[in-house]
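Per chain, numbering begins at 1; letters A, B, ... match sequence-line order. Excluded from the calculations below are hydrogen atoms, water molecules and symmetry mates; all remaining heavy atoms, backbone and side chain alike, are included.
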Amino acid sequence: MTDTPLFSVKNLVKHFPVHGGLLQREVGRVQAVDDISFALNPQETLGMVGESGCGKSTTAKLVVRLIEPDSGRMELDGLPLSRGRAWDKDFRRRVQMVFQNSFSSLNPRMPIASSIAFAPTIHGASRTKSMQRAMELLEIVGLDPSLYGGRYPHELSGGQRQRVNIARALAVNPDLVILDEAVSALDKSVEAQVLNLLADLKRDFGLTYLFISHDLNVIKYLSDRVVVMYLGKIVESGPVEAVYGMPRHPYTRALLDSMPSVIPGKRSDHAPLTGDPPNPINPPSGCRFRTRCPHAEPVCGKAVPPLLEPIGSASQQTLAGHEVACLMHQRGSGHSQAPEGEPVREAV
Amino acid sequence: MDKPILSVDDLEVKFVEGKKEIHAVNGVSFELFRGEALGILGESGSGKSVTLRALLGLLPTKKTRIRGHATLEGTDLLNARGRALADLRGNRLSMIFQEPASALDPIYTIGDQIAETLIRHEGIEKKAAWTRAVSLLDEVQIPSAAQRAKAYPHEMSGGMLQRSMIALALACRPSVLFADEPTTALDVSVQIQILLLLRQLQQERGMAIIFVSHDLGVINEISDRVAVMYAGRFVETGDITDVFSQPHHPYTTGLLGATIGAAQKQERLTTIPGMPPNLAELPPGCSFAPRCAYAQPSCEVDFPPLHKLGERRAHRCLRVARGEIALHAPHEQSAAQQEN
C-alpha cells in the first residue's frame, strides 16, 4: 500500500523485570512484547487476538503511551512520536482508549456528562461548549442525555457505562481508538448492541480502531485485518478472510479449532492443544509455540522464524498481506514440511 | 423412564435488602436423570448461579428466603442443616466454580485438600487418601500428578487449577455435579480441554451435570438438555438440538441472534433492545415482554404459564403457545453454509 499508515509500530520491545530473592535482584524478565511490527491504515479496524499473557494489553498501553517501550519505533502519520509538548498534547487527543473494566475507568465521583466533558476542556474547549458536546455524544451512543447525564457511574449498568466510556473517548475527536477487551465483560445481548454501535461510530466519524480481544468471533466480525499474538510475538497477520479462511500457523489453526461449536448437534471431538500457554518469563527459544506445536522439529528451536508471506501451493492461494511466522511455510527453512528452494531473506 | 436423581419443584429464592425484596429465582422446576447433562443458559442476573447455590445451601441464611422442594435421591436438600448438609456436600453433590484460584484454599497443597475431603466423607487413612488424591489428579490429566499434588494453588496455572478443582469435586464420586461457568475465566485453547474432560468423566462415571453458562457454544458442547433462563424463570427447555435449531421463545431467538458465531462479517447483529428487568419490581406478566418484538399489551399483564410440548419440551410464551407467531433460528442458513 502506498498510503502512509495512520499509525505504525516497528520492532517494538517491552520487557518487565521480575525481582526476587533476598536482595530483590532481577531474577527474570517477562518478555511481554518482543519485537513486533504492524501498521494501522486510516479508517480500518485491526483486530489483535491471543490468549492471556500474549502481550495484547501491553501493546495497547504502548500504543497510547501509558508505558514507554524498551526499544522500537512508533509513528503517527509517518512521523516519529514525541515532538514537543504541544505535539504530545495533540497526540493524547488523537489517540484514545476504551478499557475492559467500564467501572474503574470512570471517575466514581463525577456525573457521567462531566466525565465526558472533562477532556475537551483540557484541550481548550469552553466549559459550556464541552458540556453541550457531552450531551450530544450521550445521545449518539444511545443514552438519553436528560435522563442519564447527571447520573454517577454506579447508577448505570455495565453496557451503559461502556457506552459512556466510548462517548468519553470520542469527545476529543480522536483519529485512532484502541479498544482493549471493550466488550468482553458484557452479556451477549448487550455485547451485540455495543458492537453495532462501534460499527456505526466508525462509519460516521471516520475512525480507525485497534480492537484487542481474546474472542475470535468478535474479532472476525469487526476487523478488516487481524494480528494473532503468542507469547509476545506476532505469529500470523493478514486480512481477516485469509487468517480465518486459510490459517497457516499451527497456533492460529489450533485457536480456531478450539472455539466451541454453536451449530446444533455438532460438537468438538478433540482438543487441538494440550496444557496451558507457557509462562512469558522464560519463553522457549526459537519459535515460541514449538513446545505445544504438533509439527515442531529440532530446527524450530534454533532461530526465531521471521514473519513472511507464506508459500502458496496449488490448493492454497495466498492473499496479499498475509504473513506467517512459521518455518513450515518458508522455502528452504530446513523444516521437513517446508517447500524446497533457496531461503528467502527477511527484508530489513 | 427411571426415577430422577435430582428433582426440583417450584424453587423460589428472594434476597431481602432492607425493605426491598430481590426476586432472584421465581419458580424453577426440573428433573435431572442419571448421566444427564443439563445446561442452564442465561445472562448475568438471570438467577442461574443462585439456583445452584440455593440447592447446595451456599446462600447466606439471614438474607435469603428460599421456598419450594428439592430432593436428591430421596434426601431433602433445602431443609438439610449442619452435619446432614455437610455429609451431602462434596460427597453426593459437588460443585465447581468459575474462579478456581479463589475456590481453593491457598495455604494447603492440592493433594491435602483432596485427601481431606476423602478422609471426611469416606473415613479412610491419610496415606490411602493421598494415594487416591494422586490418582484423581492423574485422572483429570494433570502431568506428573505425584509431584503436582504437593503444589500450592498459587504455583499452578488457571487450567491446572480448574483440573484440580474437578478432581476435588469428583473425589467422592458424586451423583450430581454442579458446574458454575467453570471455563469462563480460561483461554479458549484450555476451555475446550476442560469441556472435553468433563464430558469424558461424566460418561465414564454416569454422573449427572448441571452446567451453567452464558456462552451458547459452551452449552452446546456439553449439554444434552438446555434450560434458557430469564429473570429467574426457565423460559424454554428442551433437548439442545431442538432448542437451538427451533427456538420457541423470543428470548432464545434473541440470544441466538446476538451470538456472532455464524453471523456474516459487518452484517448488523440482531440485538435484544433494552436491559434485563429490575428483579425488585418484576412485571406481573411476561418479564421479557418489555424487550420483546412480538409483545402485545396482554403480554405485560397475563403471566405466561409453562406450555408443555411433549415429554421434554416446554416454553413460556403466550403468543407462541396460541400459535400466533412462529419463530425461526436466526442465521440458520449461514450456519448451514459454514458447515459445508
Q: Name the region of Ile222(B), side chain, backbone, both or neither, that has any atom closer than 4.5 Å to a heavy atom of chain A.
A: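 Backbone of Ile222(B) only, per the 4.5 Å heavy-atom cut-off to chain A.
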Q: Check Ile192(B) against Ser258(A) and note the closest heavy-atom contact, atom names and distance.
A: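 Smallest heavy-atom distance, with atoms named: CB-O, 3.6 Å.
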Q: Look at Gln141(B), Arg199(B), His214(B), Gln191(B) and state which one has the largest set of heavy-atom pairs under 4.5 Å with chain A.
A: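 Most heavy-atom pairs under 4.5 Å with chain A: Arg199(B).
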Q: Quick check for you: to the nearest 0.5 Å, what is the distance between Ser223(B) atom OG and Arg267(A) atom CZ?
A: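 Here the interatomic distance stands at 7.0 Å.
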Q: Distance-only, no hydrogens or angles: does the Asp276(A) side chain make a donor-acceptor pair with backbone N or O of Gly159(B) under 3.5 Å?
A: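 Yes: the side chain of Asp276(A) pairs with the backbone of Gly159(B).
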Q: Quick check: closest heavy atoms across Asn220(B) and Ile263(A), and the distance to 0.1 Å?
A: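 Looking at all heavy atoms of both residues, the shortest contact is ND2-O, 3.0 Å.
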Q: Are there residues of residues 234-243 of chain B whose heavy atoms fall under 4.5 Å of chain A's heavy atoms? If so, which?
A: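 At a heavy-atom separation under 4.5 Å, chain A is reached by Thr241(B).
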Q: Check Asn196(A) against Leu269(B) and note the closest heavy-atom contact, atom names and distance.
A: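 That would be ND2-O, 2.9 Å.
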Q: Within the side chain of Asp187(B), is there an N or O that forms a donor-acceptor pair under 3.5 Å with the backbone of Glu51(A)?
A: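 Here the side-chain-to-backbone pair does not exist.
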Q: Heavy-atom distance under 4.5 Å to chain B: side chain of Leu273(A), backbone, both or neither?
A: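 When you check distances to chain B, atoms from both the backbone and side chain of Leu273(A) fall under 4.5 Å.
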Q: Scan for salt bridge (charged side-chain N to carboxylate O under 4.0 Å, His left out) pairs involving residues 192-201 of chain A, sequence neighbours excluded, and state none if there are none.
A: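 Passing the test, one end in residues 192-201 of chain A: Asp200(A)-Arg203(A), Asp200(A)-Arg268(B).
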Q: Heavy atoms only: give me the nearest His270(A)-Leu196(B) pair and the separation to one decimal.
A: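 Heavy atoms of His270(A) and Leu196(B) come nearest at C-CD1, 3.3 Å.
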Q: If I compare all heavy atoms of Ser268(A) with all of Glu221(B), which pair ends up nearest, and what's the gap?
A: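 Closest approach of Ser268(A) to Glu221(B): OG-OE2, 2.6 Å.
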Q: Once rounded to the nearest 0.5 Å, what's the spacing between atom OG of Ser46(B) and atom CG of Asp187(A)?
A: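 Rounded to the nearest 0.5 Å, the OG-CG separation comes out at 8.0 Å.
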Q: Decide if atom CD of Glu204(B) counts as having more than 12 heavy atoms of other residues, nucleotides or ligands within a radius under 6.0 Å.
A: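 Buried by this count: over 12 neighbours within 6.0 Å.
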Q: Write out, in numerical order, the residues from residues 226-235 of chain A with a heavy atom short of 4.5 Å from a heavy atom in chain B.
A: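 Under the 4.5 Å heavy-atom cut-off, nothing qualifies.
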Q: Identify every side-chain donor-acceptor pair in residues 271-279 of chain B under 3.5 Å, counting partners at least two apart or on other chains, and give the distances.
A:
residue, atom, partner, partner atom, Å
Asn278(B), OD1, Ala280(B), N, 2.9

Q: Would you give the length of the straight line joining atom CG of Leu41(B) to atom NZ of Lys188(A), rounded to the nearest 0.5 angstrom?
A: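 Leu41(B) CG to Lys188(A) NZ: 10.5 Å, rounded to 0.5 Å.
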Q: Which atom names give the shortest non-hydrogen contact between Val190(B) and Gly275(A), and what distance separates them?
A: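 The pair with the smallest heavy-atom distance is CG2-O, 4.0 Å.
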Q: Under a 4.5 Å cutoff for heavy-atom pairs, which residue among Pro277(A), Ser189(A), Pro272(A) has the most contacts with chain B?
A: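 So the answer, after comparing Pro277(A), Ser189(A), Pro272(A), is Ser189(A).
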